[in-house]
Amino acid sequence: QVQLVESGGGLVQAGGSLRLSCAASGRTFSSYAMGWFRQAPGKEREFVAAISWSGANTYYEDSVKGRFTISRDNAKNTVYLQMNSLKPEDTAVYFCAARRTYSYSTNNNDYGYWGQGTQVTVSS
């Protein structure tokens, strides 16, 4: 079992950057593929990015490709989401999620563990 705690959200102007972190408890973090999802007010939760348990494979939603980078440090039990060139439409609560398998998924139903979320607000 793993517990997840996100941090790093905040208010930033359009064009700015933020780095989100997701710290995981437990000794088997490297056995989990990780994902980042986001949910804007009045909208469904949507996939943002994911990474395999080794970090060798990553995948991004089309609207964030080239702007966001997902990475992980298994020695620190942490996954990151570096967000550059932020846009007002990136405003949402960002969640990290874990699934105990090698490969990632873009489907939030495939993830069994979730953090509480961190708010990202991008002003125009």
Side-chain angles (χ1 to χ4, degrees):
Q1 194 161 355
V2 65
Q3 293 182 322
L4 306 172
V5 179
E6 302 97 334
S7 61
L11 173 63
V12 64
Q13 288 188 332
S17 299
L18 284 174
R19 188 175 82 154
L20 305 184
S21 299
C22 174
S25 66
R27 294 174 292 178
T28 58
F29 176 69
S30 60
S31 299
Y32 291 82
M34 301 296 295
W36 284 98
F37 293 77
R38 65 187 179 187
Q39 188 166 18
K43 295 187 176 181
E44 293 187 351
R45 191 170 298 187
E46 66 175 6
F47 170 77
V48 176
I51 189 167
S52 59
W53 68 20
S54 69
N57 300 102
T58 58
Y59 189 77
Y60 299 91
E61 193 268 331
D62 284 345
S63 70
V64 307
K65 283 181 182 176
R67 300 189 299 122
F68 291 10
T69 302
I70 188 171
S71 62
R72 66 189 296 160
D73 185 337
N74 286 344
K76 295 183 178 180
N77 282 13
T78 303
V79 63
Y80 305 97
L81 186 67
Q82 177 66 44
M83 305 186 294
N84 299 328
S85 302
L86 282 161
K87 304 175 181 180
E89 51 263 44
D90 295 318
T91 295
V93 177
Y94 284 70
F95 299 88
C96 71
R99 63 191 302 250
R100 191 163 185 174
T101 185
Y102 171 81
S103 61
Y104 50 72
S105 171
T106 62
N107 186 337
N108 59 4
N109 292 322
D110 291 335
Y111 290 82
Y113 305 96
W114 291 84
Q116 83 290 349
T118 185
Q119 176 70 47
V120 171
T121 303
V122 184
S123 63
S124 57

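Each residue takes its place number in the sequence, starting with 1.
- Crowding of Tyr59 atom OH: a count of heavy atoms from other residues, nucleotides or ligands under 6.0 Å not exceeding 12.
- Here CD of Gln3 is found 12.5 Å from CG of Asn77. Values are rounded to the nearest 0.5 Å.
- Note that OH of Tyr94 and CZ of Phe37 are 13.0 Å apart. Values are rounded to the nearest 0.5 Å.
- Between Met34 and Tyr32 there is a side-chain heavy-atom pair separated by less than 4.5 Å.
- Residue Gln82 holds its CD atom at 12.5 Å from CD1 of Ile70, rounded to the nearest 0.5 Å.
- Within a 6.0 Å sphere centred on NZ of Lys76, heavy atoms belonging to other residues, nucleotides or ligands number 12 at most.
- Shown here for Trp53 and Arg72, the closest heavy-atom pair between the two residues is CA-NH1, 3.2 Å.
- Between Ser105 and Ala50, the closest heavy-atom pair is O-CB, 4.2 Å.
- Hydrophobic clustering places Val12 together with Leu81 (ILVMFWY residues linked when any side-chain heavy atoms are closer than 4.5 Å, directly or through intermediates).
- In this structure, Glu89 places its CD atom where more than 12 heavy-atom neighbours from other residues, nucleotides or ligands lie under 6.0 Å away.
- Between the side chains of Tyr111 and Arg99, no donor-acceptor pair is found at a separation under 3.5 Å.
- Using a 4.5 Å cut-off on side-chain heavy atoms (C-beta onward), Arg45 and Trp114 make contact.
- Contact detail for Val48 and Val64: the closest heavy-atom pair is O-CG2, 3.6 Å.
- Atom OH of Tyr60 sits about 9.0 Å away from atom CZ of Phe47, to the nearest 0.5 Å.
- You'll find the side chain of Glu46 reaches within 4.5 Å of the side chain of Arg38, heavy atoms only.
- Taking CD from Glu6 and SG from Cys96, the interatomic distance works out to 4.0 Å, rounded to the nearest 0.5 Å.
- When only modelled atom types and interatomic distance are considered, Tyr102 and Asn57 share a side-chain donor-acceptor pair under 3.5 Å.
- For Lys87 and Asp90, the salt-bridge test fails: no basic side-chain N is under 4.0 Å from an acidic carboxylate O.
- Between Gln119 atom CD and Leu11 atom CG the span is 9.5 Å, to the nearest 0.5 Å.
- Linking Ile, Leu, Val, Met, Phe, Trp and Tyr residues whenever their side-chain heavy atoms come within less than 4.5 Å leaves Phe95 and Val2 in two separate clusters.
- The two residues Ala33 and Ser103 have their closest heavy-atom pair at CB-O, 3.4 Å.
- In this structure, Leu4 is a member of the same hydrophobic cluster as Leu20, with clusters built from ILVMFWY side-chain heavy atoms closer than 4.5 Å.
- Here the closest heavy-atom approach between residue Phe29 and residue Thr78 is recorded as CE2-N, 3.6 Å.
- Of all the heavy atoms in Tyr80 and Asp73, the pair that sits closest is CE1-CB, 4.1 Å.
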